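Below is one structure, written out as structure tokens; comments come after it.
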Amino acid sequence: METEKTKCLIIGSGPAGYTAAIYAGRANLSPILYSGMQPGGQLTITTEVENFPGYPSGIGGVELMEDLRKQAERFGADIRNGVATMADFSKAPYKITIDDEKVIEAQTVIIATGATAKYLGLEDEKKYAGMGVSACATCDGFFYRKKVVAVVGGGDTACEEASYLAGLASKVYLIVRKPYLRASKVMQARVMNNEKIEILFEHNAVGLFGENGVEGVHLVKRMGEADEERYDLAIDGFFLAIGHKPNSDIFKEYLETDEVGYIMTKPGTPCTKIPGVFAAGDVADPHYRQAITAAASGCQAAIEVERYLANLANLL
Ligand code: NDP
């Protein structure tokens, strides 16, 4: 298989990957970055990004990622299409296989592969993508001021998103498939005490409807039971909060992950337990999952790479 060597390999092209590439490029490390399945990452599937500092009028997600890419290229980052399909961190240099057809031997690796929001798997989620369906209340909630929205899920994320949306929307339905919430007691209390939030226990969303965007959701109460009930509820926005899947599968053999799959790093740093391998952005962050926090950890990872390589050079 074709092999290529590099000082710094970055996997992933969201805010973490590109920011790491900007910093590593400016440190003269000539990083190679592979874009992954979704070049530009999760922000390319949102519409407007209004909470990234520096854009007083907001910026389109695609445009923001395009700017970050250009900025990284300006400093010498070699940005390529390709998906990392295998990792061997057993010894340095680390070997990453790209598209099952090429191996990159890297002295350092920054994993910035992100996380993918889970969807219910309904055809209508695709049909109304960007037209009323969202998996990020912090990103898209602002577009639903004084409107009616539904959040699906019963965990901490769903409760947090419902509480956040209740600060903007006129009404929030929380659609929970079980007769109870899985969220922590504090988060449960927060949604239960919020008069704008109505919890629909034992409900499943099975479809969406609307002419030019979401106008409502088809619901089933007590699905599969003798007293099953089907009805439609008018809403303007449909938010998924049923968990995220960190894109860490190919690294699990070598790195510690939590029970969901988030890569564990030394607290407050992007350092994994393998020297020279760093994890930045959503793949290592179950808590914040914001573009700006991902970008910040990408910066940290590139600075760690620089220091690690400088130490190696001093040892020679
Ligand atoms: P969780 O896995 O904790 O919860 C997912 C929720 O979505 C559950 O209620 C689950 O239902 C529901 N769900 C899953 N699949 C479906 C489906 N197909 N249809 C309908 N409902 C579905 O994920 P979270 O993202 O909420 O949390 C992930 C982790 O992050 C947790 O450890 C959480 O505590 C933590 N977190 C902490 C926060 C905080 O402390 N502020 C904020 C956000 C997250 P069911 O219960 O029936 O399985």
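Side-chain atoms are counted along with the backbone in the values below, which use heavy atoms only and exclude waters and symmetry mates. On a predicted model such as this, the values are computed, not experimentally measured, just so you know. All ligand and atom numbering here is 1-based and tracks the order in the structure.
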task = Please work out which of R177, H203, K118 has its closest non-hydrogen atom nearest to atom 16 (C) of ligand 1.
result = R177
ask   = Which atoms of ligand 1 have any heavy atom of K178 under 4.0 Å away?
value = 45 (P), 46 (O), 47 (O), 48 (O)
query = Are any of the N/O atoms in G155 less than 3.5 Å from those in ligand 1?
reply = yes
task = Examine M187 and V191 and state if one hydrophobic cluster contains both, with Ile, Leu, Val, Met, Phe, Trp and Tyr joined whenever side-chain heavy atoms are less than 4.5 Å apart.
result = no
query = Is the closest protein non-hydrogen atom to atom 19 (N) of ligand 1 under 4.0 Å?
reply = yes
ask   = Got an N/O contact under 3.5 Å between E160 and ligand 1?
value = yes
remark   = So ring pair (Phe, Tyr, Trp, His ring centres under 6.0 Å) across residues 178-230, not counting sequence neighbours, yields H203-Y231, F209-H218
ask   = When you measure from atom 34 (O) of ligand 1 to every protein heavy atom, which one gives the shortest distance, and what is it?
value = D156 OD2, 2.5 Å
Heavy atom of the protein closest to atom 30 (O) of ligand 1 (residue, atom name, distance) = P286 O, 4.4 Å
inquiry  = If the cut-off is 4.0 Å to any non-hydrogen atom of G153, which atoms of ligand 1 fall inside it?
reply    = 7 (O)
remark   = Checking heavy atoms under 4.0 Å, the part of L120 that sits near ligand 1 is side chain
request  = May I ask you to check if ligand 1 and R182 share an N or O to N or O distance below 3.5 Å?
outcome  = yes
ask   = Looking at CD1 of I104 and OG1 of T3, how far apart are the two atoms once the value is rounded to the nearest 0.5 Å?
value = 8.5 Å
request  = If you have a sec, work out which protein heavy atom is nearest atom 26 (O) of ligand 1 and how many Å separate them, to one decimal?
outcome  = T157 N, 2.9 Å
message = I'd like to know if the side chain of S297 and the backbone of G281 have a donor-acceptor N/O pair within less than 3.5 Å.
response = yes
message = Between ligand 1 and H244, is the shortest N or O to N or O distance under 3.5 Å?
response = no
request  = Could you tell me whether the side chain of D99 and the main chain of V83 form a donor-acceptor pair under 3.5 Å?
outcome  = yes
side-chain hydrogen bond (donor to acceptor under 3.5 Å, both in side chains) contacts in which one or both residues fall within residues 263-283, not counting sequence neighbours = Q42-D282
request  = Return the residue, atom name and 0.1 Å-rounded distance of the protein heavy atom closest to atom 7 (O) of ligand 1.
outcome  = I242 CA, 3.4 Å
note = closest protein heavy atom to atom 23 (O) of ligand 1 is G243 CA, 3.9 Å
message = I'd like to know if E66 and R69 make a salt bridge, using a cut-off of under 4.0 Å between side-chain N and carboxylate O.
response = yes
inquiry  = For G224, is there any backbone N or O sitting under 3.5 Å from a side-chain donor or acceptor partner on E228?
reply    = yes
request  = May I ask you to check whether F239 and Y144 place their ring centers less than 6.0 Å from one another?
outcome  = yes
remark   = Heavy-atom closest pair (A21 atom, A77 atom, distance to 0.1 Å) is CB-CB, 3.9 Å
note = For atom 9 (O) of ligand 1, the closest protein heavy atom turns out to be G154 N, 2.8 Å
